[in-house]
Amino acid sequence: MAPRYWLLKSEPQVFSIDDLQREGRTGWGGVRNYQARNFMRDEMKEGDLALFYHSNATPPGVAGLARVVGTPAADPSQFDPKSPYFDATSSKASPRWVMATVAFVERFDLVPLEVLKADPALAGMVLLQKGQRLSVQPVSPSHFARVLKLAKAKFKVTRRDNHP
DNA sequence: GCCAACGTTGGC
DNA sequence: GCCAACGTTGGC
């Protein structure tokens with residue numbers, strides 16, 4: 001079956017594309033939204049490709065590419081009382097929270113959110129819809145191809161002022 | 001720091 | 001089932 005395309009959000013202060021490159025692969029745990037979980041559990045398949053998006057960053061944008069490997073697994077953090085993602089109501093017999101595993105594919109110069117927003121070819125992309133906050137979201141083949149094309153271009157990134 | 005948008009919770 | 005209150009996300 002043809003691969004599908006996704007976008008995964010991560011705060012780079014927490015886990016960046018560089019971290020993924022260093023580690024090679026990672027379990028996409030800590031997702032506590034049912035819609036996002038369902039995408040990982042039911043629709044992500046080995047070989048699917050995902051845009052790696054840096055959220056809460058300056059500037060935010062697509063920072064690289066990852067590939068889905070293996071099959072979904074129970075997210076171990078739900079069983080760890082010390083984890084912020086602990087879920088006392090989940091059981092090992094029937095885990096509520098599931099994670100995909102993704103591998104590093106490529107890192108590229110950031111494609112800033114600003115550039116995505118300004119591109120008419122990306123109109124309708126889930127990421128750009130008002131108010132959407134899903135951390136795991138589908139991307140259409142044409143939008144995916146377009147973002148990759150943008151990634152080959154160079155962007156002058158204007159940092160916003162945000163002094164600590 | 002602000003705030004809009006959204007999801008979840010819980011009283012009724 | 002309704003919906004107000006609350007917490008979170010995430011851009012700016």
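The sequence lines fix the lettering, A, B, ..., with proteins before strands; numbering per chain opens at 1.
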ask   = Going through the distances and angles, do Phe86(A) and Trp97(A) end up as a ring pair (Phe, Tyr, Trp, His ring centres under 6.0 Å)?
value = CA-CA 10 Å; Phe86(A) 178 63; Trp97(A) 303 111; over 10 Å; no
task = Using atom CD of Glu11(A) as one end and atom P of dT9(C) as the other, report the distance to the nearest whole Å.
result = 7 Å
inquiry  = Before we go on, tell me: are the rings of Phe52(A) and Trp28(A) under 6.0 Å apart, centre to centre?
reply    = yes
ask   = Between Asp119(A) and Arg146(A), is any pair of side-chain heavy atoms under 4.5 Å apart?
value = yes
message = With a cut-off of less than 4.0 Å, is there a side-chain N or O of Lys9(A) near OP1 or OP2 of dT9(C)?
response = no
task = Find the distance Leu8(A):CG to dT9(C):P and express it as a whole number of Å.
result = 16 Å
message = In this structure, how many angstroms lie between the C1' atom of dT9(C) and the CG atom of Leu113(A), rounded?
response = 14 Å
ask   = Same cluster or not: are Val136(A) and Tyr85(A) linked, directly or through other Ile, Leu, Val, Met, Phe, Trp or Tyr residues, by side-chain heavy atoms under 4.5 angstrom apart?
value = no
ask   = Do Leu148(A) and Leu128(A) share a hydrophobic cluster, counting only Ile, Leu, Val, Met, Phe, Trp and Tyr and linking them when any side-chain heavy atoms are less than 4.5 Å apart?
value = yes
ask   = Roughly how many Å is it from CG in Leu128(A) to P in dG10(C), rounded to a whole number?
value = 14 Å
message = Could you measure the distance from the OG atom of Ser55(A) to the CD atom of Gln13(A)? Nearest 0.5 Å is fine.
response = 7.5 Å
ask   = Could you state the CG-P distance from Leu116(A) to dG10(C), rounded to the nearest angstrom?
value = 15 Å
Separation of atom CG in Asn56(A) from atom C1' in dC2(B), rounded to whole Å = 13 Å
Show me the protein contacts with nucleotides 6-8 of chain B, counting only N or O atoms at under 3.5 Å.
from	atom 1	to	atom 2	distance (Å)
dC6(B)	O2	Arg133(A)	NH1	2.6
dC6(B)	O2	Arg133(A)	NH2	2.8
dG7(B)	O4'	Arg133(A)	NH2	3.3

